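First the structure, in the form of structure tokens, and then the observations on it.
Numbers restart at 1 for each chain; the letters A, B, ... are given by sequence-line order, proteins then strands. Predicted model, so just to flag it, every value in this text is computed and none were measured.
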Amino acid sequence: MNHALTIYWRLLGVQLRSQLQYRLAFFFDVVAMSSTIFLEFASLALVFQRFETLGGWTLGEVAFLYGLEELSFGIMDMVFSGFDPSYFGQEIRRGSFDQLLLRPLNLTMQVFGSKFVLRRLGKIGMGLAVFLYAQTLITVTWTPAKLLYLPFVVFGMVCFFGGLFIAGATITFWTVESIEVMNIFTYGGGYLIAHPMHIYQTWLRRLFTYVVPAIFLNYYPALYFLNKPDPFNFPAIAPFVAPLVGILALLASLAFWHFGIRFYQSTGN
Amino acid sequence: MITVQNLQKHFKLNKQYRGAWGSVRTLFSREYEVVKAVDDISFEVARGELVGYLGPNGAGKSTTIKMLTGLLVPSGGELAVNGRLPWRDRQAYVARIGAVFGQRTTLWWDLPVIESLELLQHIYHVPNGRFRQNLADFETMLELKPFLNTPVRSLSLGQRMRADLCAALLHDPDLLFLDEPTIGLDVVAKERIRQFIRHVNRERGTTVLLTTHDLSDVQKLCDRVLIIDRGKLLYDGSLDALQTRFGGRRELVVDLAEPYSDVSVAGATVVARENGRVTYQFTREEIGASELIGRLSQRFRIQDLAVREPDIEATVRRIYEERLLEN
Ligand SMILES: Nc1ncnc2c1ncn2[C@@H]1O[C@H](COP(=O)(O)OP(=O)(O)O)[C@@H](O)[C@H]1O
Ligand SMILES: [Mg+2]
């Protein structure tokens, strides 16, 4: 495992070097990536010009939620690039996965090391900017406990969406065509939890509470950070299960992933 | 070294559905057809051998290699390499073998060749001294120098194959699997690759199993050939023996000076006749060429003639087409 980790860092270093080789192109990539998020957030902010609040939340509060999600999703998108279903599915079709199987290294580590999209820094930076902008609009009463918990919330979301990426990649062992369906969950899920979730219709909120427990990743922690009352009367622990939900989702996906590899070894591509 | 017994690989092909939810239906569908890619094959390969695995496209060559390299789990039969099952304990197994799949590269697309090789050095724990020595050897033999610093994506097919061969051998594997190592290459590049494979087998004692649909690979390289078609092993032995067994039909082409109505002759069969040109087929066992020519010249006035020796290519083609080896 140690060996695999060393190789992982090497692969990472090699990729960073080649991605930074053309500085200007890289710079524009980062700018392009952050401007999409900027525009997305700007259009959200415009809504507040007319309605002042969204489900009773002010722009600052929504920006808090939105920034935290974009930041986490961006980190995930960078670290889990190798598992991005649309990339991984392509690799399967090209037979590149066979080449990973031929190397005496842990497979999961190899997929992690196979791609690392540094320009996602644009998305991460923009998410962070929105999150900091929120601090200028509202006064969050930060306590040491809150500050300590914040990275765990990010961690939970990274694990959770990373798990979705891994599950999506695994499905491409069976079929590459369902990538679109999988993207509904990843990107759609990301979009949903970037907004105050009590604004959604009951069935949708229940789906993302009981089936896919994404409501605990961002919305509940935000209630805690912003000292807002829980409209659904969950137990007081609800804001604190985010890292657990993330880890469980990741573990479940990894189990599915290993099952998928065994399937691949019996069917090929 | 390699033991294969009644090896099978059957693929189930699910019925494909179209439309938006088609892929989901395909996923859960129970309807399928079975492709017997490898069907009950047995053979053994001893240490130090250089064996050719010959067959037309779709014969099951790659599928066999994939099972031998641990990429695929067989659906039946037994397969052991050095007493090991390749797909069990994958990492330990692949550390001891080398493999090159002709259409794919094991190198990193965006990296200069040398950096890929250095990464592989670390992956396979090759000591520095050994790495440098091997690299120096391969560099000369494969003429890698001119493109060592070129990114893999900019290499020609021949250069890429040479780099891949080097990459597969840096860790001194006992066993080398090559799937169509000469596919798509021109004659000169093919020859270079063949020379290298021969060298690796003779000088380094590496056991080599290579697949090809190109007979000349086998002719020039291998003492032993396994012929496979439609998943079945048709032949296991030397090409010469194959030629004596099936390639016995020689041809005599005769240009007759006058038209004759009956051109038949004892000991040979007429296989083609066009204007004054007649083609006879005969076997060494039945009649010698000079005797046949003697018989013909007694009956006809002959303008010109030529004897065509059967070529191995035609023999192998006949084996596939007429399924001579199947029982
Ligand atoms: N992963 C797979 N799934 C389904 N069928 C396959 C798969 N791989 C190969 N086949 C089929 O098995 C047969 C043998 O293929 P292959 O071993 O690639 O032949 P060769 O390498 O001799 O050209 C072909 O009919 C091919 O279509
Ligand atoms: Mg093939």
Side-chain angles (χ1 to χ4, degrees), chain A residues 1-22 89 91 93-110 113-116 170-182 184 258 261-269, chain B residues 9-14 16-28 37 62-63 66-67 69-75 87 89-101 103-112 115-116 118-120 122-125 151 164 168 171 177 179:
Chain A
M1 206 59 201
N2 240 337
H3 177 55
L5 214 58
T6 324
I7 300 292
Y8 172 74
W9 291 120
R10 264 179 194 279
L11 287 173
L12 227 61
V14 157
Q15 302 207 30
L16 297 193
R17 220 169 346 118
S18 80
Q19 286 174 34
L20 289 172
Q21 197 174 10
Y22 304 101
E91 292 291 287
R93 252 179 306 181
R94 276 200 282 157
S96 311
F97 189 69
D98 282 351
Q99 298 302 325
L100 303 191
L101 281 164
L102 283 175
R103 292 194 196 122
L105 272 183
N106 178 281
L107 272 177
T108 314
M109 205 57 105
Q110 286 194 71
S114 67
K115 196 156 186 249
F116 192 91
T170 306
I171 287 177
T172 64
F173 285 132
W174 282 268
T175 162
V176 268
E177 281 109 49
S178 34
I179 289 174
E180 300 300 327
V181 180
M182 206 53 218
I184 295 177
H258 288 295
I261 291 172
R262 274 203 302 281
F263 170 82
Y264 179 83
Q265 287 191 300
S266 67
T267 58
N269 71 315
Chain B
K9 185 69 209 180
H10 295 180
F11 292 110
K12 285 181 188 171
L13 284 185
N14 270 327
Q16 297 283 327
Y17 294 95
R18 299 181 157 275
W21 290 96
S23 57
V24 179
R25 263 183 88 188
T26 303
L27 203 56
F28 294 104
S62 298
T63 305
K66 283 180 182 172
M67 288 191 278
T69 48
L71 300 184
L72 280 178
V73 180
S75 31
W87 61 95
D89 201 5
R90 178 189 68 82
Q91 292 193 38
Y93 176 72
V94 295
R96 306 290 314 135
I97 62 163
V100 180
F101 287 80
Q103 288 104 325
R104 291 164 195 166
T105 180
T106 187
L107 306 165
W108 286 267
W109 208 236
D110 296 318
L111 290 192
E115 285 192 36
S116 273
E118 280 165 1
L119 261 173
L120 289 169
H122 292 285
I123 291 177
Y124 286 91
H125 300 284
D164 261 313
H171 58 290
F177 295 101
D179 191 23

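Residues Leu102(A) and Thr106(B) form no side-chain contact, since every pair of their non-hydrogen atoms from C-beta on lies 4.5 Å or further apart. Here the side chains of Asp164(B) and Phe101(B) are not in contact, with every heavy-atom distance at 4.5 Å or above.
For His10(B), no part lies under 4.5 angstrom from a heavy atom of chain A. In this structure, chain A has a heavy atom under 4.5 Å from the side chain of Lys9(B), while its backbone stays farther away. No part of Gln103(B) comes within reach of chain A, as not one of its non-hydrogen atoms sits under 4.5 angstrom from that chain. Contact of Ser75(B) with chain A is not made at all, since no heavy-atom distance falls under 4.5 Å. For chain A, the nearby parts of Ile123(B) are the backbone and the side chain; heavy atoms of each come within less than 4.5 Å. Only the backbone of Thr267(A) comes within contact range of chain B, judged by heavy atoms closer than 4.5 Å.
The choice from Glu115(B), His171(B), Lys66(B) that makes the most heavy-atom pairs within less than 4.5 Å of chain A is Glu115(B).
For Arg10(A), the CZ atom sits in a loose shell: 12 or fewer heavy atoms of surrounding residues, nucleotides or ligands are nearer than 6.0 Å. Residue Tyr22(A) qualifies as open at atom OH: its count of foreign heavy atoms under 6.0 Å is 12 or below.
By the side chain to side chain donor-acceptor pair (under 3.5 Å) test, Thr108(A) is found to be paired with Trp257(A), residues two or more places apart in sequence or in another chain being considered.
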